[in-house]
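Take a look at the structure set out below.
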Amino acid sequence: GEYGRAKSQWLKREKISEVVDEEHIAQLISKWTGIQVSQMLEGEAEKLLHMEERIHERLVNQDEAVTAVCEAIRRGRTGLKDPRRPIGSFIFLGPTGVGKTEMARRIARLTSAPFIKVEATKYSEVGYVGRDVESIIRELMDISVELVKKEQTAVLKGKAQELVEERILDALLPESKEKMYDPTEGEKWRNLRESYRRRLNKGEFDDRYIEVHTTPGFSPTMGIFTPAGMEEMGLNFQQMFEDILPKREKSKRVKVKEARKILEPEETSKLMDMDKVVEEARARLENSGIVFLDELDKIATGRKATSGPDVSREGVQRDLLPIIEGTTVVTKYGVVKTDHILFIAAGAFQSSSPSDLIPELQGRLPLRVEFHSLGSKEFQKILVEPENSLIKQYQALMATEKVELSFTKEAIAELAKVAHEVNIKTEDIGARRLQTMMASLLEDSLFEVPNKKKKVRVTKTYVKRYFKDIVSDVDVARYVL
């Protein structure tokens, strides 16, 4: 009847659905926890199936490399619970600036895997020779714990906010904490507290000052000096001092909106079960951790090396070998196995080749993926297609000053062409050349923007005129670009 019609009109006007489906629940949880809806609705299998599409959102071309890596990742994940599952680590071959590191980072993000990037040359520099390379795994374990803690923080956010709300109400109405349970006046105080809660949620008390009591973590001011190879001593000094010394409460008078920021991390840490966090972090590291070992070509040596720096480089390879083969590493969170960690080694290999590595290391990096040099067509796509392309970044930067930045298609093509020419004439640094060129091209416009211009249009003529003298002189191009 009339009630039904009025109800349907109200539901339509308020855009409320009577049917609650998976998407509605996901949106509600997303609002509560801060986790994106797409991440919750998309299962692990779907993420693995659509890895190529997701990687190409940030990486242009390199189709063969993307396909090879994604197929290997899927094969490894298929038998995740099988201890006999195949192990396959990679060597990425290709010049700098073609997307080797970006691909590794993207894979880690898509698979929610702990990721660390280290330079192989770090262990061959003066002062680092003989350094414990197991520190790579220790650092990766720290990253894994932080990754799981961040996820747990998002899940516990709603409960933590409720507890913070109660603490703020206790500060606003100190009497209500005890009197709300009084048999005679309890109902009155409970009603008053609920009215304060509604006003608090509306933001009416945001600028009111309250006194909050927090328990700051103990931070020792002393430094601990240890020899190389003793970075991790297995003892958590901070936790040890916190357990020995009594808890000290610190009072602070702040606004309500600031009190939320102070109290929420504290309540979240109380709710979090660190034993479970460490257990999950260790399992994630052992089964899906990724170590990106860059500049591997710099420690590659020929078979004739018997003296000089090449001996040190071969020593670094032998130090890395046990970790890649599979060993146990002692960390402050317990023992970690490296048997199933994915190692991705990368290098330009222009003055050396993978065959210059020691045979044992070559055998542990069986999958070789070649990245091709980028040309003007690829540069055009890089400038436009990725979700955070250089042009979109500069447009967003200009928009903060209410300035509209635009590029003609011809200007983009000319910019890509010039970048490719400079790479050929000087040194091939891949897509990184575009960053220096864009910064140089828009330098004057960025300087003038706050005072004068409201529209900046970059044309082919402007690009050609700006780079004409720079490109023709190789020495100037090396210096400027």
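Within the 4.5 Å cutoff, the side chain of Val422 has heavy atoms near those of the Val418 side chain. You'll find the side chain of Ile55 reaches within 4.5 Å of the side chain of Leu110, heavy atoms only. Counting only heavy atoms from C-beta outward, the side chains of Glu325 and Thr338 never approach each other to under 4.5 Å. Two residues are said to be in side-chain contact when any heavy atoms from C-beta on lie closer than 4.5 Å; Val133 and Val316 fail this criterion. Considering only heavy atoms from C-beta on, Phe467 comes within 4.5 Å of Leu415 through its side chain. Put simply, the side chain of Gln317 does not reach to within 4.5 Å of the side chain of Glu360, judged on heavy atoms. Residues Ile341 and Ile323 have side chains not in contact (no heavy-atom distance under 4.5 Å, counting atoms from C-beta outward). At least one side-chain heavy atom of Gln161 sits less than 4.5 Å from a side-chain heavy atom of Glu264.
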Should Leu296 and Leu357 be marked as a side-chain contact (heavy atoms from CB on, under 4.5 Å) after you check the CA-CA gap, both sets of side-chain angles, and the distance that decides it? CA-CA 9 Å; Leu296 190 71; Leu357 297 168; 3.7 Å; yes

Taking it one step at a time, do Met103 and Phe371 satisfy side-chain contact (heavy atoms from CB on, under 4.5 Å)?
-> CA-CA 11 Å; Met103 183 186 285; Phe371 284 71; 3.7 Å; yes

| request: Start with the C-alpha gap between Ile137 and Met141, add the side-chain angles, then the distance that decides, and say whether side-chain contact (heavy atoms from CB on, under 4.5 Å) holds. | output: CA-CA 6 Å; Ile137 307 302; Met141 185 63 193; 5.6 Å; no

**Q.** Arg433/Thr436 under side-chain contact (heavy atoms from CB on, under 4.5 Å): CA gap, chis, key distance, verdict
**A.** CA-CA 5 Å; Arg433 183 72 65 190; Thr436 58; 4.1 Å; yes

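Enclosure of atom NZ in Lys377 is not indicated, since only 12 or fewer non-hydrogen atoms of other residues, nucleotides or ligands lie within 6.0 angstrom. The local environment of CD in Glu279 is sparse, with at most 12 non-hydrogen atoms from other residues, nucleotides or ligands closer than 6.0 Å. The neighbour count for Lys392 NZ, taken as heavy atoms of other residues, nucleotides or ligands under 6.0 Å away, is above 12. Residue-environment remark: NZ (Lys149) stays at or below the threshold of 12 foreign heavy atoms within 6.0 Å. For Lys298, the NZ atom counts as densely surrounded, since its 6.0 Å shell holds more than 12 non-hydrogen atoms of other residues, nucleotides or ligands.
The CZ atom of Phe115 sits 9.0 Å away from the CD1 atom of Ile107 when rounded to the nearest 0.5 Å. Thr153 OG1 to Glu146 CD: the interatomic distance, rounded to the nearest 0.5 Å, is 9.0 Å. Between the OG1 atom in Thr121 and the CG atom in Asp297 there is a gap of 9.5 Å [rounded to 0.5 Å]. For the atom pair NZ of Lys159 and CD of Glu267, the computed distance is 10.0 Å after rounding to the nearest 0.5 Å. Here the straight-line distance linking atom OG of Ser288 with atom NE2 of His340 works out to 12.0 Å at 0.5 Å rounding. Interatomic distance, NZ of Lys276 versus CD of Gln152, reported as 9.0 Å (0.5 Å rounding).
Glu421 has no carboxylate O lying under 4.0 Å from a charged side-chain N of Lys464, or vice versa, which leaves the two without a salt bridge. Under a 4.0 Å N-O distance rule, the pair Arg284/Glu280 qualifies as a salt bridge. Lys117 and Glu119 are joined by a salt bridge, as a carboxylate oxygen and a charged side-chain nitrogen come within less than 4.0 angstrom of each other. Under 4.0 Å is where a charged nitrogen must lie from a carboxylate oxygen, and between Glu134 and Arg138 at least one such pair does.
Checked by atom type and distance alone, the side chain of Tyr466 pairs as donor or acceptor with a backbone atom of Ser440 at under 3.5 Å. Checked by atom type and distance alone, the side chain of Ser376 never pairs as donor or acceptor with a backbone atom of Lys417 at under 3.5 Å. A donor-acceptor pair is defined here as one N or O able to donate and one able to accept, closer than 3.5 Å; no such pair exists between the side chain of Arg58 and the backbone of Pro386. Here the side chain of Ser89 pairs no donor or acceptor atom with the backbone of Leu365 at under 3.5 angstrom. Side-chain N or O atoms of Gln362 include one that pairs as donor or acceptor with a backbone N or O of Ser355 at under 3.5 Å.
For the pair Ala346 and Phe292, the tightest heavy-atom approach, listed with the atom from each and the gap, is CB-CZ, 3.5 Å. Here the closest heavy-atom approach between residue Pro322 and residue Arg318 is recorded as CD-O, 3.1 Å. Nearest heavy atom pair, residue Ser445 against residue Val456, reads OG-CG1, 3.9 Å. Contact detail for Gln393 and Asn388: the closest heavy-atom pair is NE2-O, 2.7 Å. Shortest non-hydrogen contact noted between Ala416 and Leu383 is N-CD1, 4.5 Å. Taking each heavy atom of Val335 and Thr328 in turn, the nearest pair found is CG1-CB, 3.8 Å.
Shown are Glu295, Arg432, Gln350; of these, the side chain to side chain donor-acceptor pair (under 3.5 Å) with Thr96 is made only by Arg432.
With sequence neighbours left out, the side chain to side chain contact (heavy atoms under 4.5 Å, CB included) criterion links Pro354 to Ile91, Leu93, Phe349, Arg368. Under the side chain to side chain contact (heavy atoms under 4.5 Å, CB included) criterion, Thr461 pairs with Thr459, Arg465, not counting sequence neighbours.
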Could you tabulate the donor-acceptor pairs under 3.5 Å formed by side-chain atoms of residues 61-68, not counting sequence neighbours?
unit_1: Asn61; atom_1: OD1; unit_2: Lys381; atom_2: NZ; d: 3.4
unit_1: Asn61; atom_1: ND2; unit_2: Glu378; atom_2: OE2; d: 3.0
unit_1: Gln62; atom_1: OE1; unit_2: His372; atom_2: N; d: 3.0
unit_1: Gln62; atom_1: NE2; unit_2: Val98; atom_2: O; d: 3.4
unit_1: Gln62; atom_1: NE2; unit_2: His372; atom_2: O; d: 2.9
unit_1: Asp63; atom_1: OD1; unit_2: His56; atom_2: NE2; d: 3.3
unit_1: Thr67; atom_1: OG1; unit_2: Asp63; atom_2: O; d: 2.8

